[in-house]
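Notes follow the structure.
Convention: sequence-line order gives letters A, B, ...; per-chain numbering from 1.
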Amino acid sequence: STIVLIFEAPKDFDFSFRPGDKVRLNAGIGTL
Amino acid sequence: VPKVSWMRRITKGFVNYGRNLKWVPIPLGVGFAYICYQQYGHIKKRERRRELSSNDIADRLATQWQINIYKALPLRFVSRLWGQVNSVDVPYGLRKPIYSLYTRLFNCDLSEALVEDLTTYQNLSAFFRRELKPTARPLDKSKSLVSPCDGKVLHFGKVERGWMEQVKGVTYTLQGFLGPKTANQQEGEVKQVSNDHFQSRLTTKAGNRLYQCILYLAPGDYHRFHSPADWTIKHRRHFPGLLFSVNPGIARWIRGLFSLNERVVLCGEWEHGFFSMTAVGATNVGSINIYFDEELRTNKKGKFKQGEYRDHDYTAITRDSAGIRVAKGDSIGEFNLG
């Protein structure tokens, strides 16, 4: 199963991981 | 410096001066030409690498006849059967060995489960959707966006000109994935617009960009999903679809995999504009529950046309017509076996 997020955000939005990384529920994944 | 030819000066420099080597001037033009030559080599190599990698992606993608064969497999039937088998209550004495085997096979961390006693789970489905202890996943309040689930990052980044990527280099359209925009349109009606135009109609604020993030949940992962932000869910769209596996290998093999599979798209708004979260089903995990949506029924027997969908408007059921407000970390739904 997969979760896909699609969202609008200002240009300076930054993801805080790399492809292949494992993430855990409620961990920060992006910020402005 | 003695008045001799360039060649002799170099030769003399090394032969005659012996241990006292001296700098030999090289004309600026020669140095510049050498740097250009080196740079040209790098550019050629880089272009060649790029060409090879795009050819590699094309080579490893499934052909239409391979997809047709995969489609012909009774995966939906198998998925429902798998769900029924796993919903059968496991005899008390067998619960511990069966669930322990599952735990070892898929590296589940039982110490994080709200209920650690394996004998309390009546069947494998109940164990699969087990709850976590409230302290197991602390909420990162400092970030605008938190992970909605445990999983592996398949891809993330900007959505460009209405195209998304399921893994690096394998693209599919935003329009095909979300379906047509609902405004002034009847359910089931398909009004195609250009991909670029579709994307530009989604963004609501000037200067904003559209981003995507794809998270893959492995069999041993916690299979409930939570809200990744503070947002208002206004609309649900359910696409009955195929139930191909969604593991990263298949995502690299079948273009548009997530647009083919059964999925539930939740759309709404957050502080920066458009926001959506989609749960995509797979062969083993074909059913999707949304806790506040009792009408939703997924992985049901029956025929469907690829691309058809069923809409549900949440703004009609709330008192202030805004939709369903959820906060970062709130529980939204779960995947189930079968």
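Annotation: maximal heavy-atom pairing with chain B below 4.5 Å, among P10(A), G30(A), S1(A), occurs at S1(A). Heavy-atom pairs under 4.5 Å with chain A were tallied for V167(B), V285(B), T204(B); the largest tally goes to T204(B). Among the candidates L178(B), L132(B), V246(B), the residue making the largest number of heavy-atom pairs closer than 4.5 Å to chain A is V246(B). Highest contact tally toward chain A, considering only G273(B), P248(B), S276(B), is held by S276(B) [criterion: heavy-atom pairs under 4.5 Å]. For the set A229(B), A218(B), G157(B), S227(B), the entry with the most heavy-atom pairs within less than 4.5 Å of chain A is G157(B). The choice from P138(B), S147(B), A136(B) that makes the most heavy-atom pairs within less than 4.5 Å of chain A is S147(B). Put simply, of G20(A), A9(A), G28(A), the one with the most heavy-atom pairs under 4.5 Å next to chain B is A9(A). The greatest number of non-hydrogen atom pairs below 4.5 Å with chain A, out of I214(B), T203(B), L174(B), D221(B), is found for T203(B).
Using a 4.5 Å cut-off between heavy atoms, K141(B) makes no contact with chain A at all. With a 4.5 angstrom heavy-atom cutoff, P148(B) touches chain A via backbone and side-chain atoms both. Proximity to chain A (any heavy atom under 4.5 Å) is shown, for F274(B), by both the backbone and the side chain. With a 4.5 Å cut-off on non-hydrogen atoms, S142(B) touches chain A through its backbone but not through its side chain. Neither the backbone nor the side chain of I288(B) comes within contact range of chain A; no heavy atom of the residue lies under 4.5 Å from a heavy atom of that chain. Looking at P219(B), there are no atoms closer than 4.5 Å to chain A (heavy atoms on both sides), in backbone or side chain. For chain A, the nearby part of L202(B) is the backbone; its heavy atoms alone come within less than 4.5 Å.
When the heavy atoms of residues 250-271 of chain B are compared with those of chain A, the residues falling under 4.5 Å are F258(B), W270(B), listed by number. For a heavy-atom cut-off of 4.5 Å, chain A lies close to G329(B), F335(B) in residues 326-338 of chain B.
Legend: salt bridge (charged side-chain N to carboxylate O under 4.0 Å, His left out) pairs involving residues 155-165 of chain B, not counting sequence neighbours, sorted by first then second residue: R161(B)-D196(B). Residue pairs satisfying the side chain to side chain donor-acceptor pair (under 3.5 Å) criterion with at least one member in residues 207-219 of chain B, sequence neighbours excluded, are listed as follows: E8(A)-N208(B).
Nearest heavy atom pair, residue L243(B) against residue L75(B), reads O-CD1, 3.7 Å. Across every non-hydrogen atom of G83(B) and S125(B), the tightest pair is O-OG, 4.2 Å. Residues S16(A) and K143(B) approach most closely at OG-NZ, 3.9 Å, considering heavy atoms. A pairwise comparison of heavy atoms in T283(B) and S245(B) identifies OG1-N, 3.3 Å as the closest pair. Residues F177(B) and M164(B) come closest through the heavy atom pair CD2-CE, 4.0 Å.
Here the options are R130(B), K133(B), R137(B), the test is side-chain hydrogen bond (donor to acceptor under 3.5 Å, both in side chains), and the partner is E112(B); only R137(B) passes.
Side-chain atoms of N289(B) and R129(B), non-hydrogen and from C-beta on, never get closer than 4.5 Å to each other. The shortest distance between side-chain heavy atoms of P134(B) and L114(B) falls below 4.5 Å. Between V23(A) and V153(B) there is a side-chain heavy-atom pair separated by less than 4.5 Å.
Other residues, nucleotides and ligands contribute only 12 or fewer heavy atoms inside 6.0 Å of the NZ atom of K168(B). Other residues, nucleotides and ligands contribute over 12 non-hydrogen atoms within 6.0 Å of the NZ atom of K22(A).
Aromatic ring orientation, F128(B) versus Y102(B): perpendicular (interplanar angle above 60°, classes split at 30° and 60°). Taking the six-membered ring for Trp and thresholds of 30 and 60 degrees, W231(B) and F275(B) have ring planes inclined between 30 and 60 degrees apart.
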Problem set entry | Residues H272(B), L32(A); criterion side-chain contact (heavy atoms from CB on, under 4.5 Å); working and verdict | CA-CA 11 Å; H272(B) 304 294; L32(A) 287 160; 2.9 Å; yes
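Side-chain atoms of Q175(B) come within 3.5 Å of backbone atoms of V193(B) as a donor-acceptor pair (strictly under, hydrogens ignored).
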